[in-house]
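Have a look at the structure below before the remarks.
Model, not experiment: these values are computed from the prediction.
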Amino acid sequence: VCQDQWYQPMPCAVCDSVWGPDGCLEHFEDGAQCLQQGGHWIRQNRNFDSVRFAMMTLFEISTTEGWIDVMHSAADARGVDKVPARDEQKLLAVAFFVAFMMVGCLGMLNLCIGVIVDKFNELKRDKEGSIWATDAQKKWSAARDRCYRARLFKGLTKLEKLPSSRKVVYFFVNNKHFERVIQVCIVLNTVVMGLHHVPSPTSFGLVLSQLNLAFFVVFTVEVVLKLFALRGVYFWDSWNCFDFFCVVSTAVGLVYGILSSNGSFSSRVIGVLRTLRLFRLVRFSRGLRHIFTAFLVSIPKLANVCGILILLLFVFAVLGMQLFATSAALDPYGEHVHFRTFGAAVITLIRCLTGEAWNDIMHSLSKDKQFFLGVLHRPCVEKMQLDNVTQYQMWKDAGMIDDPIECGNSAAFVYFTCYTMVVTLICLNLFIAVILEGFDDGGRTETEDLLEKCVSLWLEVDSLHTMSMPLAQGIAFIHRCVDVVFSETNQIMSSSSYLSSSPRPSTALSPADLTELSMRWCSALSIRVAPSGDLQFAQAILGAMRAIAARNDTLVMAALRQVDQKHDRSATPRCALDVRLIGESEMRSWGGNGAKAPTARTLGKALGSMKKLLLGTSAEVALHDPNMLPLEYFIGALKLQSAFRSRRDYQLQQQRESAEKRAAEERTRRMMPPVAG
């Protein structure tokens, strides 16, 4: 383009003085005429004069920096060394650049993000060994980790042992209507804070203060009630700690404002603390809690990526100081954007990291001596020698240290291109990968929904939070969780039954039905029972989640033990009674169904093995908790008792039948007349 000596993008002043305001546009057809009349034929920073410049221009606009200006310049282009004309080839330029932005920016750059995220997840899968895991194993692993990671399911347990006043307050503060009232108060408090403005009428400010004080009283009453009901358990929940901090801090601020004359400071502190209370909405909103939890989970991993970013910023800042510390100022490179100090270099790189005019800084640092002398009419030197104290003092006396005059060089293109590719396109996308991973790991997933469903079903049965129930009722709870989940999700359950002979119960199991449970299913469920015969809350939830993950398939549940062994290397081998000792057909009732009764030898072996298992004397068994025994041991004991009882009943029946037969024969013999001799 033809530009004047002041380097302004307008027709040259020489042309205007000769031919008038429109003379340049009318008479200048090419660069030769512009140069002939004393103007400057300037190559724009972003151009297509060669393949090298074209690739650099396309790379710049692929980062969405200045692509609209380049498109308008291309729309005005008329040809090589021709003066631009307004909208000469508008349709062609618009079509070209829009297509490139769709493909090069929205397509290729997002593909780069996808590749980085995919590679990150692949490395994660290889490290965790989940690349060969089945869907059921992945679901069970997630469920197992979520259950073990949960610190608190319910605030209090054994409610029957608490005073009636604490129980009433506990149920009151955990009521859904109470939580909705607190949510409404939080929203209204936020609205009241948003109504504050400066300056405000005295009466209006007084009303706002009274409303804020009323909300403070509401939140304080909430904390007091929860502390009364939960006592020390209140602080086990991080959200409760946050509520307590907000209330106590606000109270301290109010007291400080009353006792101190610096009321403005206390009001600012109270305003900040009231603003923090807005985060309490995260507790009540599932979607917000999902995102917030993902953010918290991502913080430790983001710290590692931040470490890499800081290292790269340090390297590029030092390199930038070596290359451009003495470069002459040229907007936007100048007072606030420079590499003369390490701090300013870091700030400049952070600005470029966000994509803010990084290419303009690059072009400012690439201008050579010909541009400074011929266009700007400013002196510059090829190299400012600062090798010794004498040279440094010489440049300082000339005022060139704070305002250097070194010409730019083409190394700026390589420097900023490498920085943009390594830091902006790769390192920043690692943040996206880590956040997505945190969203999957710590966010609200299907596993958490299933866990909450199982907990709610448990509380329907265990309203007093005893956290344990009889074994028959616990097994029925597991079956109900499976039925409810699969009925809500419209999934098909496995055809393998957990009962050995009887049909699937619809509501509950009786203690007598426990002997009909399949030993294979009991062993695959991998849960433990208290010596009293009760099933505890954690074991019941784990059993339900395992059955849901395996779609209640016995074989799949047995395969999930690989996940348990991976998470717990000290997991003990299973040595429960199996079908070799107690066959399912042998455990049936032997009256009238034609099944063969177990022999004394089989029952003797089973009883001996069961005694060893129950007494813990078997060398093949080492229990995690001596107070907890596997489910199959109890079911096996019940089956043994039923088998012995059935065999005893069978023997008694045989004895009764034999006695009755002998009695009948005796009666028949007595009734027969004597035979004559």
Side-chain angles (χ1 to χ4, degrees), residues 143-183 185-186 216-252 273 276-277 279-286 288-289 292-293 296-297 442 444 447-469 474 477 530 532 534-542 544-545 625 627-628:
R144 187 180 188 274
D145 294 341
R146 181 64 185 86
C147 291
Y148 288 164
R149 193 169 61 245
R151 185 179 181 184
L152 183 67
F153 285 102
K154 283 298 173 183
L156 290 178
T157 59
K158 310 293 184 182
L159 297 183
E160 70 279 1
K161 299 181 180 180
L162 298 179
S164 58
S165 57
R166 285 188 63 186
K167 286 192 292 186
V168 171
V169 174
Y170 175 78
F171 286 118
F172 176 74
V173 296
N174 283 277
N175 189 278
K176 293 183 179 179
H177 300 291
F178 179 79
E179 292 183 353
R180 292 193 183 99
V181 171
I182 296 300
Q183 294 179 35
C185 290
I186 294 174
F216 167 71
V217 172
V218 172
F219 298 138
T220 303
V221 170
E222 178 201 8
V223 170
V224 171
L225 290 177
K226 288 186 175 181
L227 282 173
F228 174 76
L230 300 176
R231 306 294 170 88
V233 181
Y234 175 85
F235 296 100
W236 291 6
D237 190 349
S238 57
W239 285 110
N240 289 338
C241 296
F242 179 75
D243 296 343
F244 185 81
F245 170 77
C246 291
V247 170
V248 172
S249 301
T250 306
V252 171
L273 297 176
L276 292 178
R277 190 175 286 118
F279 285 99
R280 290 190 57 186
L281 291 177
V282 176
R283 179 179 186 178
F284 304 108
S285 175
R286 292 185 177 182
L288 291 177
R289 189 165 68 246
F292 187 73
T293 305
L296 293 180
V297 172
R444 184 173 188 81
T447 301
E448 189 170 350
D449 293 332
L450 294 177
L451 180 60
E452 286 198 2
K453 173 62 68 175
C454 294
V455 172
S456 63
L457 292 175
W458 175 278
L459 295 178
E460 291 179 4
V461 181
D462 185 18
S463 59
L464 295 179
H465 301 180
T466 59
M467 311 310 284
S468 65
M469 60 179 59
F477 161 76
S532 60
D534 292 338
L535 186 61
Q536 295 184 356
F537 168 77
Q539 295 296 319
I541 295 296
L542 287 174
M545 298 296 287
D625 186 355
N627 297 324
M628 300 286 287

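Interatomic distance, I541 CD1 to M467 CE, rounded to the nearest 0.5 Å: 8.0 Å. Here CH2 of W236 is found 12.0 Å from SG of C241. Values are rounded to the nearest 0.5 Å. Atom OG of S238 is separated from atom CZ of F245 by 14.0 Å, given to the nearest 0.5 angstrom. Atom CG of D243 and atom OG1 of T220 lie 11.0 Å apart (nearest 0.5 Å). The structure places CG of N175 at 12.0 Å from OH of Y170, a figure rounded to the nearest 0.5 Å. How far CD of Q539 is from CG of L542: 6.0 Å, rounded to the nearest 0.5 Å.
Inter-residue side-chain proximity for L457 and F477 is flagged as met; some heavy-atom pair is nearer than 4.5 Å. Contact annotation: the side chain of F216 approaches that of V247 to within less than 4.5 Å [non-hydrogen atoms, C-beta and beyond].
K453 NZ: 12 or fewer foreign heavy atoms inside a 6.0 Å radius.
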Less than 3.5 Å apart, which donor and acceptor atoms pair up between the side chains of residues 225-232 and the rest of the protein, not counting sequence neighbours?
| unit_1 | atom_1 | unit_2 | atom_2 | d |
| --- | --- | --- | --- | --- |
| K226 | NZ | E222 | OE2 | 3.2 |
| R231 | NE | F228 | O | 2.8 |

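A donor-acceptor pair under 3.5 Å is absent between the side-chain atoms of D462 and the main chain of W458, judged by distance alone.
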Please lay out, stage by stage, how C246 and F242 fare under the test side-chain contact (heavy atoms from CB on, under 4.5 Å). CA-CA 6 Å; C246 291; F242 179 75; 3.7 Å; yes
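Remark: F178 pairs with F172 by the ring pair (Phe, Tyr, Trp, His ring centres under 6.0 Å) rule, at least two apart or across chains.
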